Amino acid sequence: MAETSLIAATLGLSSPWRISGIDFSDEEKRMDIYVEFTHGGPLLCPHCGASARLGETAREVWHHANFFCHAAYLHVRVPSLLCTADCGVSKLPLPWARQDSCFALLVQGTAHRFPRL
Ligand SMILES: [Zn+2]
């Protein structure tokens, strides 16, 4: 769907992130964007570059007050990374959390194990 590609590009999404669904209400001027992490390739620690493995995930909801003239809620489960060197646990960099995106973290939920793929 072209709209999904446009929204993914606006969010700066690329692998391993992808949009799994969008609910759109023109009446409510609201869109809910569901983003998922698709684990495919090797994972690297964002601090030292050593290999990393997936840890627990946290459910997060991010909010943007005016995304294409709609209130947007981005729903995602964010896995943590466990560095195989000494860095410990890190959070994956989130493309929509960059400073100029205007998305703000609204809700952070309970952590749980990320399913093995
Ligand atoms: Zn590390």
Side-chain angles (χ1 to χ4, degrees):
M1 181 162 72
E3 295 84 0
T4 302
S5 299
L6 173 65
I7 290 172
T10 305
L11 292 171
L13 295 188
S14 59
S15 180
W17 302 104
R18 73 176 201 94
I19 292 176
S20 59
I22 299 172
D23 289 332
F24 181 82
S25 169
D26 207 28
E27 284 179 15
E28 296 178 40
K29 294 290 181 195
R30 172 183 174 134
M31 71 171 89
D32 289 87
I33 305 164
Y34 300 90
V35 174
E36 66 180 15
F37 175 82
T38 55
H39 176 40
L43 297 167
L44 301 177
C45 171
H47 301 294
C48 73
S51 65
R53 56 191 173 85
L54 290 172
E56 299 193 329
T57 62
R59 176 181 162 271
E60 294 184 356
V61 180
W62 291 72
H63 176 249
H64 191 305
N66 186 359
F67 190 67
F68 295 102
C69 297
H70 289 66
Y73 296 86
L74 190 157
H75 307 263
V76 62
R77 292 187 186 280
V78 179
S80 59
L81 290 178
L82 305 172
C83 179
T84 56
D86 290 332
C87 299
V89 179
S90 303
K91 190 174 173 180
L92 277 171
L94 306 175
W96 56 89
R98 66 186 189 275
Q99 274 194 326
D100 65 344
S101 81
C102 296
F103 271 90
L105 182 61
L106 191 65
V107 176
Q108 190 167 37
T110 310
H112 61 89
R113 294 293 299 169
F114 192 79
R116 295 273 173 219
L117 298 176

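Counting starts at 1 for both ligands and their atoms, in listed order. Keep in mind that this is a model prediction, so the values were computed, not measured. Heavy-atom basis, side chains included; hydrogens, waters and symmetry copies ignored.
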- Are any non-hydrogen side-chain atoms of Arg59 and Val107 less than 4.5 angstrom apart?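 Touching, per the 4.5 Å side-chain cut-off.
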- Do the side chains of Leu11 and Pro95 get nearer than 4.5 Å, heavy atoms only?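 Heavy-atom side-chain distance check fails, nothing below 4.5 Å.
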- Are the side chain of Ser20 and the backbone of Tyr34 linked by a donor-acceptor contact shorter than 3.5 Å?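 Yes, Ser20 side chain to Tyr34 backbone: donor-acceptor pair under 3.5 Å.
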- For this output row, return yes or no: ring centroids of Phe37 and Trp17 closer than 6.0 angstrom.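 Yes, the ring of Phe37 comes within the 6.0 Å limit of the ring of Trp17, centre to centre.
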- Could I get the full list of ring-ring contact (aromatic ring centres under 6.0 Å, His included) partners for His47, not counting sequence neighbours?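 Partners of His47 under the ring-ring contact (aromatic ring centres under 6.0 Å, His included) test: none.
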- Task: Salt-bridge test for Glu36 and Arg77: reply yes if a basic N is under 4.0 Å from a carboxylate O, no otherwise.
- Result: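 No, no charged N to carboxylate O under 4.0 Å.
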- Can you list, by chain and residue number, the protein N, O or S atoms under 2.8 Å from the Zn ion (ligand 1)?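 The answer, once waters are left aside, is Cys45 SG, Cys48 SG, Cys83 SG, Cys87 SG.
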